[in-house]
Amino acid sequence: MRILVAMSGGVDSSVVAARLQAEGHEVIGATLQLYDSRGAAKKGACCAGQDIRDARAVADRLGFPHYVIDAERRFKDSVIERFADAYAAGETPVPCVACNQGVKFTDLLGLAKEIGADAMATGHYVRRVEGPNGAELHRPVDEARDQSWFLFATTREQLDFLRFPLGDMPDKAAVRAEAEQFGLVVAGKPDSQDLCFVSDGSYVDLVEKMHPEMAGPGEIVDSTGRVVGQHEGVMRFTVGQSKRLGNAARLDGERQMVVGVEPGRKRVVIGPREGSYVSTLSVRDVNWLVDAPPEGLPCRVQMRAREEPRPARVIPTADGATVLLEEPAMPAPGQACVFYDGSRILGGGFIRRAEARKDIHTDVQKDIQADVNPAA
């Protein structure tokens, strides 16, 4: 087969390329340039400067062609700006999902088909399994490296074309050992990080730079609208969080948590941990990898990258899905809610921002509504 390998310059994708070539496939490497290649990228970044040179060095050593695609502008538009905009709207974004679907699985897949490739392979830790009704997406053997939650938006058409050779690897040590056997210079290279585009400082600095109107301190209020504390920046908070609340972390003997974020007012709304959870949530931009029945699908849902899936029923709707949780939880708007049956991904979407809680003071409700719909 002719296979395009998406090469980030790291050990995972390099091993994928080497292994496929060793199996007799015609390998063509391609790397997305996501930053100015002349600048220095931070440790843990990918697809920039030294990473591109590392990918090319691997291709040169193994003797297959390597291409670099300038995706800097598209990456800024579809990932970085959307990341900052989500925080400005009071959501907690998942930039890795946007990167996979907005750049990697669009530009690279397009290139793969242009050059007549039979498939495209990546270094993601996830399994593609041929099922009775076509390709299925599953968690990897090494659950510690599981990236399936970040790949829920992979469409059926994309999944037919994609390959994930590392899904069956027992652990990362085995991958590095294989890199050494192939004599790859990246065998000991550190792993990339989720927020690879934050070159210095923190994501807060990035959001403040792109949305200066959000910078600065603000109020922490309770469900009655009473000011109970001050914070140093609204984008430092997400729904369900209990850190950085200072003296407001416990009121009237009860532990508090963030139940709402109002970027327009620079306010953080808190409430008692007990009683702040919900049993129903709404999900938008749903991608289904199965034919979901109208009456709903019993499954387990995962609402954060590192949490145990919980039992639920997912009911398709005209504009997404409704998720009925067996046990209440506190979902964060903007995060992914991924539906699983055992190791298999059934689909997933993004958690919508809930309507204003009925027990929140009227003024606070108006502020939340203004943030959701500024024209209202």
Side-chain angles (χ1 to χ4, degrees), residues 3-20 22-23 25 27 44 46 94-101 104-105 108-109 119-156 158-182 184 186-194 196 287-290 299-310 335-348:
I3 302 178
L4 180 77
V5 178
M7 301 182 68
S8 66
V11 62
D12 295 325
S13 56
S14 297
V15 166
V16 166
R19 178 189 291 184
L20 291 174
E23 291 174 358
H25 300 291
V27 171
C46 71
V94 191
C96 290
V97 175
C99 182
N100 287 329
Q101 294 307 116
K104 292 180 181 176
F105 289 178
L108 288 182
L109 272 174
M120 185 177 102
T122 80
H124 288 104
Y125 286 82
V126 66
R127 287 184 298 140
R128 178 187 181 278
V129 177
E130 286 292 346
N133 298 313
E136 300 174 358
L137 192 61
H138 287 254
R139 295 186 189 274
V141 170
D142 182 7
E143 294 186 0
R145 312 294 303 184
D146 184 9
Q147 293 175 303
S148 62
W149 186 79
F150 296 100
L151 294 174
F152 81 86
T154 305
T155 66
R156 297 189 199 190
Q158 291 170 341
L159 190 56
D160 284 340
F161 198 73
L162 288 166
R163 300 294 185 272
F164 306 104
L166 299 187
D168 293 319
M169 293 296 283
D171 52 40
K172 187 59 177 273
V175 176
R176 293 194 182 280
E178 197 164 319
E180 291 179 355
Q181 291 172 4
F182 284 116
L184 305 182
V186 296
K189 190 172 181 177
D191 292 340
S192 61
Q193 299 173 355
D194 289 344
C196 59
N287 177 58
W288 286 104
L289 290 174
V290 297
C299 60
R300 300 182 77 85
V301 300
Q302 183 174 332
M303 295 182 289
R304 286 179 171 82
R306 303 289 177 239
E307 76 164 12
E308 287 295 320
R310 60 189 73 217
Q335 287 281 285
C337 180
V338 183
F339 324 142
Y340 288 89
D341 177 13
S343 66
R344 183 185 180 186
I345 289 185
L346 307 176

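Computed from a predicted structure; not experimentally measured.
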Side chain proximity check, L4 to L109, heavy atoms < 4.5 angstrom | no

Keeping the roles fixed (side chain from R127, backbone from R139), state whether a donor-acceptor pair exists under 3.5 Å.
-> yes

Taking every non-hydrogen atom, the tightest pair across E178 and V15 = OE2-CG1, 3.7 Å

With distance as the sole test, does R145 use its side chain to make a donor-acceptor pair with the main-chain N or O of P140 at under 3.5 Å?
-> no

Inter-residue atom distance K189.NZ - L184.CG, 0.5 Å rounding = 12.0 Å

To the nearest 0.5 Å, tell me how far F152 CZ sits from N100 CG.
-> 10.5 Å

Heavy atoms of M303 and C337 approach each other most closely as CG-SG, 3.9 Å

Shortest non-hydrogen contact between D160 and A135, atoms and distance | OD1-CB, 3.9 Å

In terms of the angle between their ring planes, are W288 and F339 parallel, tilted or perpendicular, with boundaries placed at 30° and 60°?
-> tilted

For the student: nearest non-hydrogen atoms of V94 and A336, plus distance = CG2-N, 3.8 Å

Taking atom CD of E308 as the centre, report whether more than 12 heavy atoms of other residues, nucleotides or ligands fall under 6.0 Å from it.
-> no

Indicate the atoms forming the closest heavy-atom contact of S13 with S8, along with that distance.
-> OG-N, 3.1 Å

Are Y340 and I345 side-chain neighbours, meaning at least one heavy-atom pair lies under 4.5 Å?
-> yes

Euclidean distance, S14 OG relative to M7 CE, rounded to 0.5 Å | 4.5 Å

Which atom pair, heavy atoms only, marks the closest approach of V338 to G347?
-> CG1-O, 3.5 Å

Before accepting this row, confirm whether a basic side-chain N of the pair R176/D191 lies closer than 4.0 Å to the acidic partner's carboxylate O.
-> yes

How long is the gap from OH on Y125 to CD on E143, to the nearest 0.5 Å?
-> 14.5 Å

Side chains of W149 and E307 in contact at under 4.5 Å (non-hydrogen atoms) | no

Output yes when a side-chain donor or acceptor of T122 lies under 3.5 Å from a complementary backbone atom of A6, and no otherwise.
-> no

Do the side chains of L166 and V16 get nearer than 4.5 Å, heavy atoms only?
-> yes

Say whether, by atom type as modelled, one donor and one acceptor occur between the side chain of R300 and the main chain of P309 under 3.5 angstrom.
-> yes

Atom pair CG (L289) and CG (N133), whose distance is rounded to the nearest 0.5 Å | 12.5 Å

Between the side chain of R128 and the main-chain N/O of P165, is any donor-acceptor distance below 3.5 Å?
-> no

Are any non-hydrogen side-chain atoms of M120 and L108 less than 4.5 angstrom apart?
-> yes

How long is the span from the CG atom in L151 to the CZ atom in F105, to the nearest 0.5 Å?
-> 5.5 Å

